[in-house]
Trainee: 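Following this message is one structure expressed as structure tokens.
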Amino acid sequence: LRAHSDQVRSIELASPTTLVSGSYDCTIRLWDVREMASVRVIPTFSVVFGLAVYGNYVVCGSESGVVFVFDMRAQQPLHTLRGHSGTVYA
């Protein structure tokens, strides 16, 4: 996963052909596992500490204490969930 510019913190298999990774570089990347190539970059505005995939959605916990919900087909957050006082690890 060399396309990230910093350490990868989380990895999740979204489908048999798509891998999702989150990094200290404040991005989520979608990968084509057949090619091991990054096919989409989603900026997260904060270090990604944990992520989960459900259908077309990626939910990520961040260093800023915010939980972001993204549609993998878009690059903007669908929801921004605030309320944590510290880093969200999972």
Side-chain angles (χ1 to χ4, degrees):
L1 306 179
R2 297 182 190 270
H4 282 290
S5 63
D6 208 334
Q7 295 177 18
V8 173
R9 177 73 183 169
S10 336
I11 298 174
E12 183 91 22
L13 192 61
S15 74
T17 60
T18 305
L19 184 74
V20 180
S21 61
S23 171
Y24 284 2
D25 68 4
C26 301
T27 65
I28 293 172
R29 286 186 178 265
L30 278 61
W31 301 82
D32 180 324
V33 296
R34 296 164 296 196
E35 302 293 325
M36 284 312 292
S38 176
V39 294
R40 177 158 301 190
V41 180
I42 302 171
T44 62
F45 320 108
S46 185
V47 171
V48 177
F49 275 92
L51 58 82
V53 176
Y54 184 76
N56 288 319
Y57 302 102
V58 178
V59 180
C60 74
S62 70
E63 178 182 47
S64 64
V66 176
V67 175
F68 297 100
V69 180
F70 294 93
D71 185 325
M72 287 190 278
R73 300 165 292 188
Q75 293 184 334
Q76 297 296 321
L78 294 174
H79 303 287
T80 303
L81 309 173
R82 300 181 190 283
H84 293 279
S85 59
T87 301
V88 179
Y89 291 98

Trainee: Is it the case that one hydrophobic cluster holds both Leu13 and Val58, taking links as side-chain heavy atoms less than 4.5 Å apart, direct or via other members?
Mentor: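 No, no single cluster joins them.
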Trainee: What I'd like to find out is whether the side chain of Val20 reaches to under 4.5 Å of the side chain of Leu51, using heavy atoms alone.
Mentor: yes
Trainee: Atom CD in Gln7, atom OG in Ser23: separation rounded to 0.5 Å?
Mentor: 8.0 Å
Trainee: Quick check: closest heavy atoms across Asp25 and Ser5, and the distance to 0.1 Å?
Mentor: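 Shortest heavy-atom separation between Asp25 and Ser5 comes out as OD2-N, 2.9 Å.
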Trainee: How would you list all residue pairs meeting salt bridge (Lys or Arg N to Asp or Glu O under 4.0 Å) that involve residues 59-71, not counting sequence neighbours?
Mentor: Asp71-Arg73
Trainee: Applying salt bridge (charged side-chain N to carboxylate O under 4.0 Å, His left out), can you list everything that pairs with Asp6, at least two apart in sequence or on another chain?
Mentor: none
Trainee: Test of understanding: with side-chain contact (heavy atoms from CB on, under 4.5 Å), list the residues that count as partners of Arg29, not counting sequence neighbours.
Mentor: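 With neighbours one apart ignored, the set is Ala3, His4, Ser21, Thr27, Trp31, Ser38, Val41.
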Trainee: Could you list the residues that satisfy side chain to side chain donor-acceptor pair (under 3.5 Å) with Thr44, not counting sequence neighbours?
Mentor: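 Counting only residues at least two positions away or on another chain, Thr44 forms no side chain to side chain donor-acceptor pair (under 3.5 Å).
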Trainee: Walk me through it: do Met72 and Leu30 pass the test side chain to side chain contact (heavy atoms under 4.5 Å, CB included)?
Mentor: CA-CA 8 Å; Met72 287 190 278; Leu30 278 61; 3.7 Å; yes
Trainee: Does Val48 share a hydrophobic cluster with Phe45, counting links as ILVMFWY side-chain heavy atoms below 4.5 Å and allowing steps through other members?
Mentor: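 Yes, Val48 and Phe45 fall within the same hydrophobic cluster.
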Trainee: Quick check: is Leu19 connected to Val39 through a chain of hydrophobic side chains (ILVMFWY, heavy atoms under 4.5 Å apart)?
Mentor: no
Trainee: What pairs with Val88 under side-chain contact (heavy atoms from CB on, under 4.5 Å), at least two apart in sequence or on another chain?
Mentor: Val67, His84
Trainee: According to side-chain contact (heavy atoms from CB on, under 4.5 Å), who are the partners of Thr80, at least two apart in sequence or on a separate chain?
Mentor: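 By the side-chain contact (heavy atoms from CB on, under 4.5 Å) rule, Thr80 matches Val66, Phe68, Pro77, Arg82.
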Trainee: Please verify the inter-ring angle class for Phe49 with Tyr89; under 30° counts as parallel, over 60° as perpendicular, anything in between as tilted.
Mentor: perpendicular
Trainee: Do any pairs count as a side-chain hydrogen bond (donor to acceptor under 3.5 Å, both in side chains) and have a residue in residues 48-59, sequence neighbours left out, and if so which ones?
Mentor: none
Trainee: Which residue pairs pass the salt bridge (Lys or Arg N to Asp or Glu O under 4.0 Å) test with at least one member in residues 33-61, sequence neighbours excluded?
Mentor: Asp32-Arg34
Trainee: Checking the side chain of Ser46 only, and the main-chain atoms of Ser64 only, is there a donor and an acceptor separated by less than 3.5 Å?
Mentor: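 Yes, the answer is positive, given that a donor and an acceptor are paired below the 3.5 Å cut-off.
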